[in-house]
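One structure below.
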Amino acid sequence: MRLEPLPFRTRLVNGEVITSWAPRHAMSNATSVKEVDGILRRQGTFTGHSPSNSDRVSAWRKLGGLHDRAFTEPEVVQGNWVITRSLCDRCLPSPMGGHARMSDRGWVCLKHKRWLGDHTQVDLKDFGEVVVAERHWRASLTQRGIVVDCPLVLLAEEAATVGISKTVLEQRADRCKDPSPALLVYPETVRLARLLSRPSFLDSMLGTEPAAWKRATVEREVSMVLPDALDAEAWRALARVWQFVLDLQDVVRDGHLLGTLPDDRWNVLRLWSGFPKFQSAGVPQVDQLM
């Protein structure tokens, strides 16, 4: 049976999932998802009750006159799970709100300059550093398959939080309403995530250079990320980044000795230039860091 679009169209926001769009589309046409799904089941269009049923998704596409790419956002990107999160309430000014899977951006809506990382969205008009950090995210981290809430980003956020100056945090908190800790350290989080996923950094940390040189390199890089302040505790951030380096080397060494592919929990070794060689013929022994 050929399905025709419902009379009134409903705009689909980039990345929006069907469980967010379908209720809005049904409401726009004076009905409900339950009623529409009931009719579709009686017609034999699909069976079952899963919202992600492929036949059901296809039917709703037709009811909305949507393109075939609608609701096909990936659940996993380069081994990282893509979470479903709230859409910007300016992009989608609906009382029902909206949710989407967006693998191509961080926690900021650039169009409306709003922070989306918490239940309460925050206006960033006076916090330009966060907007700039988001542009950097999309320019580099997206290309590397890094997504929000992935282990590498959580590590970067933790390092930034423990290392940054409390005075700097207080000054930033005065520039926006109801800021969260994650918002206040977002510029440093992005910079650290870019550092930890940078192929040249991974090459230098997993290369044959002396351990003292690697430690000095990490110290220099971390100090360049954190704002210079008397009460900063950069050594705390340094400790976490250095442990990341040590753990990566252990994973590579174990893979070499056991003859298996290294599997790191941060999913960054795929960006290391030695990984393809490891896949084909193993990796050279890396030096002992400790």
Below 4.5 Å, heavy atoms only, C-beta onward: do [X] and [Y] meet side chain to side chain?
X	Y	value
Trp137	Val153	yes
Val82	Glu73	no
Glu221	Val241	no
Ile146	Asn267	no
Pro227	Ile164	yes

With a sphere of 6.0 Å drawn around [atom1] of [X], does it hold more than 12 non-hydrogen atoms of other residues, nucleotides or ligands?
X	atom1	answer
His67	NE2	yes
Asp228	CG	no
Lys166	NZ	yes
Asp68	CG	no
Arg90	CZ	no
Trp81	CH2	no
Asp263	CG	no

Starting at [atom1] of [X], measure out to [atom2] of [Y] and round the result to the nearest 0.5 Å.
X	Y	atom1	atom2	result
Arg11	Leu92	CZ	CG	6.5 Å
Leu12	His25	CG	NE2	10.5 Å
His136	Leu141	NE2	CG	10.5 Å
Lys34	Asp37	NZ	CG	10.5 Å
Leu66	Glu16	CG	CD	9.5 Å
Trp272	Leu206	CH2	CG	5.5 Å

Within the distance-only criterion (no hydrogens, no angle test), does the side chain of [X] pair as donor or acceptor with the backbone N or O of [Y] below 3.5 angstrom?
X	Y	value
Arg240	Arg236	yes
Ser58	Ser54	no
Asn29	Phe8	yes
Arg138	Gly106	no
Arg175	Asp126	yes
Asn53	Thr47	yes
Arg61	Ala70	yes
Lys113	Phe127	no

Point to revise | Short side-chain donor-acceptor distance under 3.5 Å, Arg24 and Thr10 | key: no
Practice item. Assess the side chains of Ser180 and Asp118: does a donor N or O sit below 3.5 Å from an acceptor N or O? Key: yes
Check your understanding: When the ring planes of Trp107 and Trp115 are compared, do they come out parallel, tilted or perpendicular, using 30° and 60° as the limits?
Key -> tilted
Practice item. Dump the intermediate steps for side-chain contact (heavy atoms from CB on, under 4.5 Å) on Leu183 and Arg172, then the final yes or no. Key: CA-CA 10 Å; Leu183 164 58; Arg172 290 180 177 180; over 6 Å; no
Which atom pair, heavy atoms only, marks the closest approach of [X] to [Y]?
X	Y	answer
Leu184	Pro179	CD2-CB, 3.7 Å
Arg191	Met224	NH2-O, 2.9 Å
Gln78	Gly145	CG-CA, 3.9 Å
Ala133	Val190	O-CG1, 3.5 Å
Asn14	Leu87	O-CD2, 4.1 Å
Lys214	Ser204	CE-O, 3.4 Å

Review point. Stepwise, does the side-chain contact (heavy atoms from CB on, under 4.5 Å) test hold for Thr161 with Glu158?
Key: CA-CA 5 Å; Thr161 301; Glu158 178 186 348; 5.8 Å; no
Is [Y] reachable from [X] through a run of hydrophobic residues whose side-chain heavy atoms are each under 4.5 Å from the next?
X	Y	value
Ile83	Val76	no
Trp235	Leu192	no
Val162	Leu154	no
Leu269	Leu155	yes

**Study point:** Criterion side-chain hydrogen bond (donor to acceptor under 3.5 Å, both in side chains) on Arg194 and Ser140, from CA distance to verdict
**Key:** CA-CA 7 Å; Arg194 293 173 66 199; Ser140 58; 3.1 Å; yes
Exercise for review: Please test Trp21 against Val13 for side-chain contact (heavy atoms from CB on, under 4.5 Å), starting from the C-alpha separation and ending with a verdict.
Suggested key: CA-CA 8 Å; Trp21 176 85; Val13 180; over 6 Å; no
Review point. Under the side-chain contact (heavy atoms from CB on, under 4.5 Å) criterion, do Val36 and Trp60 qualify, and how do the steps go?
Key: CA-CA 9 Å; Val36 174; Trp60 275 99; 3.5 Å; yes
Check your understanding: By side chain to side chain contact (heavy atoms under 4.5 Å, CB included), which residues pair with Pro74, not counting sequence neighbours?
Key -> Val77, Ser103
